[in-house]
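Down below is the structure, laid out as structure tokens.
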Amino acid sequence: MRISLFLGMVTLAITLLAGPYFSGGQIAHWHAQWVAMPAPNKAAQIPGLSTEWRVISSDYQRGFFSSELTLQLQPPARFCHAKPCAPMTTVSRIHHGPLAFGALPATQALTPTLAIAITKLDVNALLGGFGLQPPLPALDVVTRIGFLKQSQTLLGLPASSHTLSNGSQFEQAGVSGQIQHLHAQDQFRVGDYVWRAGNLKLSSVKATTLALSQIEIRRDNDREHFAAQKISMNNPARPTTSLTDVTAALGSHTQLNTDSGAELLEARIELDAKGFQQGEQAIGPLKLRMLSERIALAPLLQMQSSMKTIYAKAIPPQLQQMALQGVLLRQLPALTRAGPRLLLEEFSLGIGDELLLASFDLQMAPADNKTNDVLGFLRKLALDARIEAPAAVMQSFAAWQARQKPENSADVLLKQWVADGRLLVKDRGYRSALRLADARLTINGNASAQWAAWIAQLEAQQAQLRHQREGLAGQRLWNKSPASPADKP
């Protein structure tokens, strides 16, 4: 019995002494492999960062029971108010396993692990543009690195109140986070995560207040989820608007088109809200399901950048509109080459005991380099859309239209829309169906005269432009050709 007890104590002592040495060696090995990586890939291996970040320096000081890692990072320019961004320095104390005493309370440290890293993370360098006073407290970051090539990070931010540089007030009741990391082929990547916050409130100097309560943001199975018990916006001059029991999900991924080599985006959005209230008017529930397919990513980002540049310039509205149309026409061939699709599978909104329903399927046949005008794109566009609306909703819409045309009342407009076939009466409401194919629009099976007139106008304009181009081309050929004897003086 005494020999067994003695051997057990010796084994435990060897484990407690050899374990930290082995754990520290494994962490040092991973650090050496990380240092040897190409510069653009280093930052992406740090949980939560991307290749936009730059690692300026890394210093790893190995000890027997614990080690220290000091990183100096350069944030991307978009995170900072003053360019270039000021470097961020993080210092992590890494306690070696298998029993990382000193890292956590004893009850937690007794759980076997490869190592536990403790970091105080100051994020104020990323928030300089907001001018928070007092600065945001440091994040408490605890990362437990497991033996089975996965790890978990816990983050905590204590409650705080701040004043922004523009005079707005920001309050948060504490934030907690949990991130799962996967380790494969000596590389880390971020897996599932969850962030929770009790209450967030932002009050502007114009007395508008945005408040969110019981927030959760998480990712699982490559889908992003958002939930909030309540989202409200209040302004003394307007009725309070609020959403209750809000949930949203976003799933997206990119794939490479083997024909064109373009990176295509596919995304799915789901949104639900139990109730929507504006002042005394309460409606709901709200449900939305939307899908996008084969969206070319590069031209979409280029178009967004160009439009942002145009909006930033002080130019007359007419010139701005022409510039935006030019951007759209330049990017449309690349944007539509893969045949994109936008599908609203379901939209429903409860209004009293009735529902407002809508859906559409918008597709474009793959475009080619010869498609470079509005009419050409319209001929490749296909749309099927349906809407069913309670009578009260259509009455409100007709009243809004009547304000644009004072000569007609809402009742007159509704009767006119029913008479010309744009609306069909259904139970206690109305319905309508639109179909666009080969630049021809039908509403409830009837051709739209207004649309047809607009298409005819486009065709006439294109014919005129084509005639002008042919005339100019003929003139250039005439000028280049040698003069005939009869033409000579």
Kindly indicate whether the side chain of [X], heavy atoms from C-beta on, has any atom under 4.5 Å from the side chain of [Y].
X: V194; Y: E216; answer: yes
X: L378; Y: W454; answer: yes
X: M88; Y: L71; answer: no
X: T442; Y: L434; answer: no
X: P134; Y: H162; answer: yes
X: L356; Y: F347; answer: yes

To the nearest 0.5 Å, what is the distance between [atom1] ([X]) and [atom2] ([Y])?
X: L250; Y: L271; atom1: CG; atom2: CG; value: 11.5 Å
X: R289; Y: L343; atom1: CZ; atom2: CG; value: 12.5 Å
X: R330; Y: L335; atom1: CZ; atom2: CG; value: 13.5 Å
X: I283; Y: L355; atom1: CD1; atom2: CG; value: 11.5 Å
X: R268; Y: E293; atom1: CZ; atom2: CD; value: 10.0 Å
X: E171; Y: L202; atom1: CD; atom2: CG; value: 10.0 Å

**OP:** Using side chain to side chain contact (heavy atoms under 4.5 Å, CB included) as the criterion, list what pairs up with T244, not counting sequence neighbours.
**Re:** K230, K274
Check: [X] side chain, [Y] main-chain N or O, donor-acceptor pair, under 3.5 Å:
X: R294; Y: G339; value: yes
X: H225; Y: R219; value: no
X: D438; Y: R440; value: no
X: W195; Y: I179; value: no
X: D140; Y: L155; value: no
X: S305; Y: L301; value: no

Donor-acceptor side-chain pairing of [X] and [Y] below 3.5 angstrom:
X: T163; Y: Q169; answer: yes
X: N234; Y: T240; answer: yes
X: N166; Y: S168; answer: yes
X: S160; Y: Q172; answer: yes

**OP:** Given side chain to side chain contact (heavy atoms under 4.5 Å, CB included), test R431 with R386 step by step and report yes or no.
**Re:** CA-CA 7 Å; R431 66 179 176 87; R386 299 178 182 276; 5.7 Å; no
Subject >> Listed partners of D361 passing side chain to side chain donor-acceptor pair (under 3.5 Å), at least two apart >> reply: R341, Q363
**OP:** Would you please test L344 and L288 for side chain to side chain contact (heavy atoms under 4.5 Å, CB included) and show each step?
**Re:** CA-CA 8 Å; L344 177 62; L288 180 144; 4.2 Å; yes
Side-chain donor-acceptor distances from residues 413-423 under 3.5 Å, at least two apart:
unit_1: D420; atom_1: OD1; unit_2: R422; atom_2: N; d: 3.1
unit_1: D420; atom_1: OD1; unit_2: R422; atom_2: NE; d: 3.4
unit_1: D420; atom_1: OD2; unit_2: R422; atom_2: NE; d: 3.1
unit_1: D420; atom_1: OD2; unit_2: R422; atom_2: NH2; d: 2.8

Nearest heavy-atom pair of [X] and [Y]: which atoms, and what distance?
X: S432; Y: I443; answer: OG-CG2, 3.8 Å
X: P158; Y: A138; answer: CD-O, 4.3 Å
X: S242; Y: S232; answer: CB-CB, 3.8 Å

**OP:** Please say which of Q178, Q152, E224 ends up in a side-chain hydrogen bond (donor to acceptor under 3.5 Å, both in side chains) with Y193.
**Re:** E224
Original post:
Given the rule in the side chain to side chain contact (heavy atoms under 4.5 Å, CB included) test, do W451 and I455 qualify, once you have shown the distances and angles that lead to the verdict?
Top reply: CA-CA 6 Å; W451 178 271; I455 292 295; 3.4 Å; yes
Original post:
Has Q133 got more than 12 heavy atoms of other residues, nucleotides or ligands less than 6.0 Å from its CD?
Top reply: yes
**OP:** Test Q331 against M307 for side chain to side chain contact (heavy atoms under 4.5 Å, CB included), laying out the working first.
**Re:** CA-CA 11 Å; Q331 296 297 335; M307 293 172 70; over 6 Å; no
Subject >> Worked check of salt bridge (charged side-chain N to carboxylate O under 4.0 Å, His left out) between K287 and D272 >> reply: CA-CA 5 Å; K287 185 176 183 179; D272 294 273; 5.5 Å; no
